[in-house]
S.K.: 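Before I ask anything, here is the structure I am working with.
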There are 2 protein chains.
Amino acid sequence: MPASCQFATGVHFLALLSQSPDSFLTSNEIAESTLTHPVVVRRLMASLQEAGVVETQKGPGGGVRLARLPRQITLADVYQAVQTSEPLHLPHTEPNKNCPIGQAMQGILEEIFTRAEAALTNELARTTLSDVLESALARHRAHSA
Amino acid sequence: MPASCQFATGVHFLALLSQSPDSFLTSNEIAESTLTHPVVVRRLMASLQEAGVVETQKGPGGGVRLARLPRQITLADVYQAVQTSEPLHLPHTEPNKNCPIGQAMQGILEEIFTRAEAALTNELARTTLSDVLESALARHRAHSA
DNA sequence: TTTTTTGGTAACGATTATTGTTACGTTTTG
DNA sequence: CAAAACGTAACAATAATCGTTACCAAAAAA
């Protein structure tokens, strides 16, 4: 299967919005910048809106903009808003009920997954959209120079 | 696509091996305990063998056993051995080359992914197979009582 | 009020990764 | 040499993502 890149795509979209936090960008504009389809933009933005990261405005002059300042939005916010599938998964099939290990395994793995994902989001929470935008502009300057 | 559960499956297999670190288990035995197919066991064990976590023995009396003591194998070892796809992914399509943000995005995201996955594996490194087996047996006792 | 411009969302197909399965080769033991 | 195990290629079924089309709803402007 294609692995989900919604987090990467979401960060990209939001970095674009961070350039002008006060104005709306249309899904067409964002789709052109990222070479994807406007419906893909709207789909992902729907999740981000539900999480309170962006707000949308219909009709002429409308579009999407950040709901908070770039420095108030962390990558953990983005991750939790858009990540549909978690990085670690239980098997779909139930284990053998006669096996003591198998019976206990599911609960143990869930605990482990919870701790591991907490570690992941804690790290993501250390970076804000403002950091991302700054890095992007710095890289651009370095590359142009 | 079905999300990969190789890490969960691997931990389960290795917990079984941890019960008797000195003896070989056949892929048939492991497959029965976990209600999966022997080829699935062998496939996953091949990765774990390449990583030096288990060793195999062909022929009668053969099978798979741990290459080190359970307390010397961490879940980070398992994760790094079997995780084919990473939890975070870049988009497959290249971004717009005319966009300063898009150009820089890929490198920035790679840095972020590296830090996030390091945080994940650091957390996984805190748990050993010995811990997992102990938790499993404790849960089994609690459930039986 | 009508038209235009936007987002919202359902539905479908192409693509792709995972898993289970079969089949067959290889190695080791006895 | 026979039997028991792993090693691995190949294929189908399943499932998830993404792009795309189509159409609705809402808001602004004419």
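Here is how names work: the chains are called A, B, and so on, in the same order as the sequence lines, proteins then strands, and each is numbered from 1.
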S.K.: Look up atom OG in A/S33 and atom CD1 in B/I101, then write down how far apart they are to the nearest 0.5 Å.
M.R.: 9.0 Å
S.K.: Given atom CZ of B/R42 and atom P of C/dT21, what is their separation to the nearest angstrom?
M.R.: 13 Å
S.K.: Between B/V39 and B/C5, who's closer to the 5' end of DNA chain C by nearest nucleotide?
M.R.: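 The 5'-side residue here is B/C5.
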S.K.: C/dT9 P sits how many Å from A/L44 CG, rounded?
M.R.: 14 Å
S.K.: Taking side-chain hydrogen bond (donor to acceptor under 3.5 Å, both in side chains) as the criterion, tell me which of A/R42, A/E32, A/H37 meets it with A/S27.
M.R.: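 Output: one option passes, namely A/R42.
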S.K.: Students often mix this up, so state it plainly: with edges at 30° and 60°, are the rings of B/F7 and B/Y79 parallel, tilted or perpendicular?
M.R.: perpendicular
S.K.: Quick one, A/V82 with A/L48, criterion side chain to side chain contact (heavy atoms under 4.5 Å, CB included). Give me CA distance, side-chain angles, the key distance, then yes/no.
M.R.: CA-CA 7 Å; A/V82 306; A/L48 290 165; 3.7 Å; yes
S.K.: Looking at residues 45-63 of chain B, who's got a heavy atom less than 4.0 Å off DNA chain C?
M.R.: B/Q57, B/K58, B/G59, B/P60
S.K.: I'd like to know whether A/D131 forms a salt bridge (Lys or Arg N to Asp or Glu O under 4.0 Å) with A/R71, so could you lay out the CA-CA distance, the side-chain angles of the two residues, the decisive distance to 0.1 Å, and finally the verdict.
M.R.: CA-CA 7 Å; A/D131 299 327; A/R71 69 163 183 276; over 6 Å; no
S.K.: Using a cut-off of 6.0 Å, state whether more than 12 heavy atoms not belonging to B/R68 lie near its atom CZ.
M.R.: yes
S.K.: What integer distance in Å separates B/H89:NE2 from C/dT16:P?
M.R.: 15 Å
S.K.: Going by the rule side chain to side chain contact (heavy atoms under 4.5 Å, CB included), which residues pair with A/E110 if we only count those two or more places apart in sequence or in a different chain?
M.R.: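 Testing A/E110 for side chain to side chain contact (heavy atoms under 4.5 Å, CB included), a comparison that skips the adjacent residues, returns A/L90, A/Q106.
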S.K.: If you take any heavy atom closer than 4.0 Å to DNA chain D, which residues from residues 23-37 of chain A end up in contact?
M.R.: A/T36, A/H37
S.K.: Can A/E111 and B/R139 be counted as an ion pair, charged N to O under 4.0 angstrom?
M.R.: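 Yes, A/E111 and B/R139 are salt-bridged.
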S.K.: Tell me: CD of A/Q6 to C1' of D/dT17, nearest whole Å?
M.R.: 8 Å
S.K.: Rounded to whole angstrom units, what separation is found between the CZ atom of B/R43 and the C1' atom of C/dT22?
M.R.: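 These atoms are roughly 12 Å apart.
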